[in-house]
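Just so you know, these numbers use all the heavy atoms, side chains as well, and skip hydrogens, waters and symmetry mates. When a ligand or atom number is given, it counts from 1 through the structure's own listing order.
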Amino acid sequence: MNERRTILVRYDEIGLKGKNRDQFINRLVKNIQLQMKDLEGLEFSVPHGRIFIHCSPETAKECTHRLQRIPGVASASVGVTREPDFDVLAAVGVEWIEPQLQPGKVLKFCVRTNRADKSYPHKSPDIDREVGSRILGQLHAKGLEVSIKEADYILEIEIGQDETVIFNNRIPGLRGLPVGSSGNILGLISGGIDSPVALYRMIRRGCRAHGIFFDNRPFMGRGGYDKVVKLSKLLNEYQRKSRLYVVPFEDIQVAIRDCCRPAHRVVLYRRMMYRIAQAVARQKGYLALATGESVGQVASQTLENLNAVSQVVNMSVFRPLIGMNKQEIINEAKVLGTYGISIEPYPDCCSVFMPPRPATRAKIPDLEVDETKYPWEQLMLDAIAKMECVNLDSLPL
Ligand code: ATP
Ligand code: MG
């Protein structure tokens with residue numbers, strides 16, 4: 001069958017949105033169009049909130065591949081459009097199922113109908129039965145049987161007001177919400193395993209997650225930067241239009257090393273990261289920060305130290321990995337495809353001038369005393385002035 005295909009895109013959670021439903025659907029359609037903009041011959045239709053894409057069979061393959069990385073898509077099915085007529089629909093079923101039958105073997109099948117157009121004169125179970133019995137009539141002798149509960153082959157029919165689509169596949173999507181529906185956030189991204197997973201989780205909740213990276217090139221080389229650009233580029237595939245802000249951090253780290261208690265270094269670095277991230281987010285109109293922190297994972301992530309860093313900002317800080325263990329995060333990073341990049345051997349700048357015994361329970365008043373000993377406000381302004389902004393859409397993958 002070489003005719004035009006119809007892809008039905010099902011969405012997740014948007015159905016829960018009440019009055020804002022149309023806005024969410026429009027956002028999802030725009031995101032899909034953006035991800036497909038280089039594919040030729042696509043036509044979109046959105047009758048009564050159902051999303052259809054019409055295209056050639058070859059393009060359909062590429063489309064479904066891309067739909068799998070668009071947040072908000074629950075699943076997609078590729079099929080063909082037909083008249084809502086039992087004989088016509090059954091003929092498609094016969095054409096598809098017949099090649100699956102093997103001599104001496106039984107194939108169990110069923111028909112499942114979703115009647116989006118309630119004015120259609122037959123109810124879903126009646127359509128299932130009518131179409132199913134016509135297919136069975138033609139293929140029973142070749143080993144086809146009906147089983148509603150244990151079907152090996154499911155033929156689905158979607159009856160809408162404008163068109164009826166028949167298909168035999170469901171390709172799972174990422175679920176979640178369409179990017180942009182929740183707003184922009186700024187994620188602190190290092191080259192490690194955790195932060196890309198944290199940003200990805202926020203992207204799936206409808207956020208466009210821009211990244212901010214604190215770079216210490218003079219001491220660490222540019223390996224860390226290259227890694228973070230690669231990771232950000234990969235995350236951008238799920239969202240598009242995201243930016244990476246690269247902040248030179250060496251002067252701040254040197255000042256902390258030279259003026260403050262060694263045990264406090266890491267927490268003091270992180271307080272500066274949070275302050276700068278908040279200032280950049282405010283400047284750009286982003287609504288929150290996100291990090292890859294998880295309780296107790298390393299010395300800087302004890303409850304005391306997390307409090308000590310949160311205390312310097314008054315913007316929401318999201319930590320989507322907070323209750324996850326390392327292995328769970330690693331598994332997710334592998335599925336996402338960031339793991340291989342994250343384990344390339346370049347240490348993060350937090351490990352620069354690492355004291356032998358970092359404080360696991362730093363006290364805020366003590367940190368504040370340390371911060372009177374170096375001109376953090378001026379250093380912060382200088383770092384922001386020298387910040388680089390990378391437009392991730394403009395880089396090749
Ligand atoms: P990751 O694997 O994400 O690097 P980690 O286990 O190494 O995390 P930390 O180094 O303590 O933990 O960092 C915790 C979080 O702080 C990171 O997930 C990230 O959000 C942020 N972070 C750490 N270093 C940097 C950096 N150089 N630039 C931007 N954010 C950073
Ligand atoms: Mg790290």
Please indicate whether any nitrogen or oxygen in Gly191 is less than 3.5 Å from any nitrogen or oxygen in ligand 1.
no

Geometric cation-pi criterion Arg134 and Phe86, 6.0 Å radius, 45° cone
no

Under a 4.0 Å heavy-atom limit, does Asp215 contact ligand 1 with its side chain, its backbone, both, or neither?
neither

Near Phe213 (heavy-atom distance under 4.0 Å), the atoms of ligand 1 are 27 (N), 28 (N), 29 (C)

Which residue pairs satisfy the side chain to side chain donor-acceptor pair (under 3.5 Å) criterion with at least one member in residues 140-150, sequence neighbours excluded?
Glu98-Lys142

Quick one: look at Val228 and ligand 1, take heavy-atom pairs under 4.0 Å, and tell me if it's side chain, backbone, both or neither.
neither

Does either side chain, that of Ser77 or that of Arg10, offer a donor lying less than 3.5 Å from an acceptor on the other one?
yes

Filter on salt bridge (Lys or Arg N to Asp or Glu O under 4.0 Å), then keep only pairs touching residues 205-214, sequence neighbours left out; what's left?
Glu13-Arg205

Among side-chain atoms of Arg129 and Thr113, is any donor-acceptor pair under 3.5 angstrom?
no

From Met273, Glu293, Arg270, Gln301 - option closest to atom 21 (C) of ligand 1 by heavy atom
Arg270

Could you list the atoms of ligand 1 found under 4.0 angstrom from a heavy atom of Ile212?
29 (C)

Between Arg271 and Gln311, do the side chains contain a donor N or O and an acceptor N or O under 3.5 Å apart?
yes

Which of the atoms of ligand 1 are close to Ile189, meaning less than 4.0 Å from one of its heavy atoms?
28 (N), 29 (C), 30 (N)

Against heavy atoms of Thr291, which atoms of ligand 1 measure under 4.0 Å?
20 (O)

Answer yes or no: does an N/O atom from Ala290 fall short of 3.5 Å to an N/O atom of ligand 1?
no

Would you please classify the geometry between the Phe213 ring and the Tyr225 ring as parallel, tilted or perpendicular, with 30° and 60° separating the classes?
tilted

